[in-house]
Enquirer: 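Supplied in structure tokens, the structure appears directly below.
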Amino acid sequence: MSETFSKNSLTEFIPQQIWIKRIPLRFFGLEIGTRMTVVRLKDGSLFLHSPVRLDKNLKQELDKLGRVRFIASPNNLHHLFLGDYFSEYPLARVYASPGLPEKRKDLKFQYTLRDVPEPEWQDDFHQTIFYGPSGFSEAVFCHR
């Protein structure tokens, strides 16, 4: 696989605004990898899209960047590592894609992503939900 995974650091994509964390992930025996995007919102807080495994180093990096305020699982597959974020960031609002709360009854979601952005990030993102077959949905964000 040509993609390189950073073990200990976020990769700055847009200076002081967007970072990416890539980690290896095997799915059905195939190495597909996964990544999280971290966005600094206009108010200075952080929005985490598609959270990856949270370890001590990543938590320290996130905490240095700012306050994790929002965490979004954009579809019914990007939920594997959410449990740690609930416990490590209890004041953050964790958003599920439509259908995910029914799939992950063990997680106490209080917020579900909709076709419109939340007021707290409407100046940062356009947002919509694509509804697919068999109850699969994907929340898509476009940074302004």
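From a predicted model like this one, the values you see are computed outputs, not experimental measurements. Quick note: residue numbers are just sequence positions, from 1. When reading the values below, keep in mind they use all heavy atoms of this one structure, side chains included, and skip hydrogens, waters and symmetry mates.
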Enquirer: For residues His49 and Ala139, report the shortest heavy-atom separation together with the two atoms involved.
Expert: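 Taking every non-hydrogen atom into account, NE2-O, 4.5 Å.
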
Enquirer: Only pairs at least two apart or in different chains count here, so list each salt bridge (charged side-chain N to carboxylate O under 4.0 Å, His left out) that has a residue in residues 119-132.
Expert: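 Residue pairs passing salt bridge (charged side-chain N to carboxylate O under 4.0 Å, His left out), neighbours aside: Arg93-Glu120.
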
Enquirer: According to side-chain hydrogen bond (donor to acceptor under 3.5 Å, both in side chains), who are the partners of Lys42, at least two apart in sequence or on a separate chain?
Expert: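 Not a single residue meets the side-chain hydrogen bond (donor to acceptor under 3.5 Å, both in side chains) criterion with Lys42.
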
Enquirer: Is it the case that Lys59 places NZ or CZ above or below the six-membered ring of Tyr89, under 6.0 angstrom from the centre and within 45 degrees of the axis?
Expert: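 Output yes; distance and angle both within limits.
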
Enquirer: Would you please indicate if the ring centroids of Phe86 and Phe81 are separated by under 6.0 Å?
Expert: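 When the ring centroids of Phe86 and Phe81 are compared, they turn out to be at least 6.0 Å apart.
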
Enquirer: Do Leu48 and Thr37 pass the side-chain contact (heavy atoms from CB on, under 4.5 Å) test, and can you show the C-alpha distance, the side-chain angles, and the key distance before you say yes or no?
Expert: CA-CA 6 Å; Leu48 309 184; Thr37 303; over 6 Å; no

Enquirer: Stepwise, does the side-chain contact (heavy atoms from CB on, under 4.5 Å) test hold for Trp19 with Thr11?
Expert: CA-CA 5 Å; Trp19 298 262; Thr11 301; over 6 Å; no

Enquirer: What residues, two or more places apart in sequence or in another chain, satisfy salt bridge (Lys or Arg N to Asp or Glu O under 4.0 Å) together with Asp84?
Expert: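 Partners of Asp84 by the salt bridge (Lys or Arg N to Asp or Glu O under 4.0 Å) criterion come out as none, since no residue qualifies.
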
Enquirer: Flag yes if more than 12 heavy atoms outside Arg53 fall under 6.0 Å of its CZ atom; otherwise flag no.
Expert: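 Count not over threshold, so no.
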
Enquirer: Enumerate the salt bridge (charged side-chain N to carboxylate O under 4.0 Å, His left out) contacts for residues 66-75, please, sequence neighbours excluded, ordered by first and then second residue.
Expert: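 Every salt bridge (charged side-chain N to carboxylate O under 4.0 Å, His left out) pair that includes a residue of residues 66-75, provided the two are not neighbours, is Asp43-Arg69.
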
Enquirer: What closest approach, in Å, do Leu100 and Asn75 show between heavy atoms, and which atom pair accounts for it?
Expert: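 The answer is CD2-O, 4.2 Å.
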
Enquirer: Identify the heavy atoms of Val52 and Tyr85 that sit nearest to each other, and give their distance.
Expert: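 Looking at all heavy atoms of both residues, the closest pair is O-OH, 2.6 Å.
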
Enquirer: Suppose clustering is done on Ile, Leu, Val, Met, Phe, Trp and Tyr with side-chain heavy atoms closer than 4.5 Å. Which residues sit in the same group as Trp121?
Expert: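 For the cluster that includes Trp121, the remaining residues are Phe13, Ile14, Ile18, Ile20, Val39, Leu41, Phe47, Phe70, Tyr95, Tyr111, Leu113, Phe125, Ile129, Tyr131, Phe141.
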
Enquirer: Looking only at heavy atoms, which two atoms of Ser137 and Ser97 are closest? And how far apart?
Expert: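 Looking at all heavy atoms of both residues, the closest pair is OG-CB, 4.1 Å.
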
Enquirer: Kindly state each residue pair satisfying salt bridge (charged side-chain N to carboxylate O under 4.0 Å, His left out) with at least one member in residues 106-115, sequence neighbours excluded.
Expert: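 Of all non-adjacent pairs touching residues 106-115, those that pass salt bridge (charged side-chain N to carboxylate O under 4.0 Å, His left out) are Arg104-Asp106, Arg114-Glu118.
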
